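Scroll down for the structure; my scribbles are underneath it.
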Amino acid sequence: MDIYSLLRQDHQRVKQLFDRIEATESGGGGKRESLFTEIKKELALHKEAEESTFYAALGILPEMSDRIEEAMEEHVDIEELLQELEELDTGSDAFMAQLAELREEVEHHVGEEENEIFPRARELLTEEQSDKIAQEMLAQKQRLGAS
Ligand SMILES: [Fe+2]
């Protein structure tokens, strides 16, 4: 699988988790808790694996360095929102409001990756390079404990 399909798959998985957690009843209980745990894990793995492979390869290209720096700042913003969410009771309205903010931030980031970064990367990386990056990203996720 090429790196773009692999990353799109990540994006899709997170989107589904957001759909599922938003569909939980208010109060939410254990279901909401476990979905939130999955979202955290998914986003943390994505961040680590993407930064050390795809972003690392693109970030050294002068045409892309600013763009990648910006994307990494968005990863940090997402991480901060996750930390704030951890302080809240998953059953509360405040949690769901904050979660909606996280989703917006994640979707903004995903949109920029898919619509701006991917097309540029396709021009700049050979197929061989992008395949290699995909392999590295899979291996990295495995190492970090993806199930
Ligand atoms: Fe990302």
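Heavy atoms only: backbone and side chains are in, while hydrogens, waters and symmetry mates are out. Not measured: the values here are computed from a predicted model. Nothing fancy with the numbering, it's 1 onward along the sequence. Each ligand, and each atom within it, is numbered from 1 in the order the structure gives.
Taking a cutoff of 4.0 Å between a charged side-chain nitrogen and a carboxylate oxygen, Glu70 and Arg67 qualify as a salt bridge. In summary, Lys132 and Glu136 engage in a salt bridge, as defined by a charged side-chain N under 4.0 Å from a carboxylate O.
Residue-and-atom listing of protein N/O/S atoms under 2.8 Å from the Fe ion (ligand 1), sorted by chain and number: His46 NE2, Glu50 OE1, His75 NE2, His109 NE2, Glu113 OE2.
The closest side-chain donor-acceptor pair between Arg32 and Thr24 falls under 3.5 angstrom.
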Got a list of side-chain donor-acceptor pairs under 3.5 Å for residues 11-19, not counting sequence neighbours?
residue : atom : partner : partner atom : Å
His11   : ND1  : Glu114  : OE2          : 2.8
His11   : NE2  : Glu113  : OE1          : 2.8
Arg13   : NE   : Glu42   : OE1          : 3.4
Arg13   : NE   : Glu42   : OE2          : 3.0
Arg13   : NH2  : Asp10   : OD1          : 2.8
Arg13   : NH2  : Glu42   : OE2          : 3.3
Asp19   : OD1  : Arg103  : NH1          : 3.2
Asp19   : OD1  : Arg103  : NH2          : 2.9

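Contact of the Glu86 side chain with the Lys40 side chain is registered, since non-hydrogen atoms from C-beta on lie closer than 4.5 Å.
Taking the six-membered ring where the residue is Trp, His75 and Tyr55 present parallel rings, their angle staying beneath 30° rather than reaching 60°.
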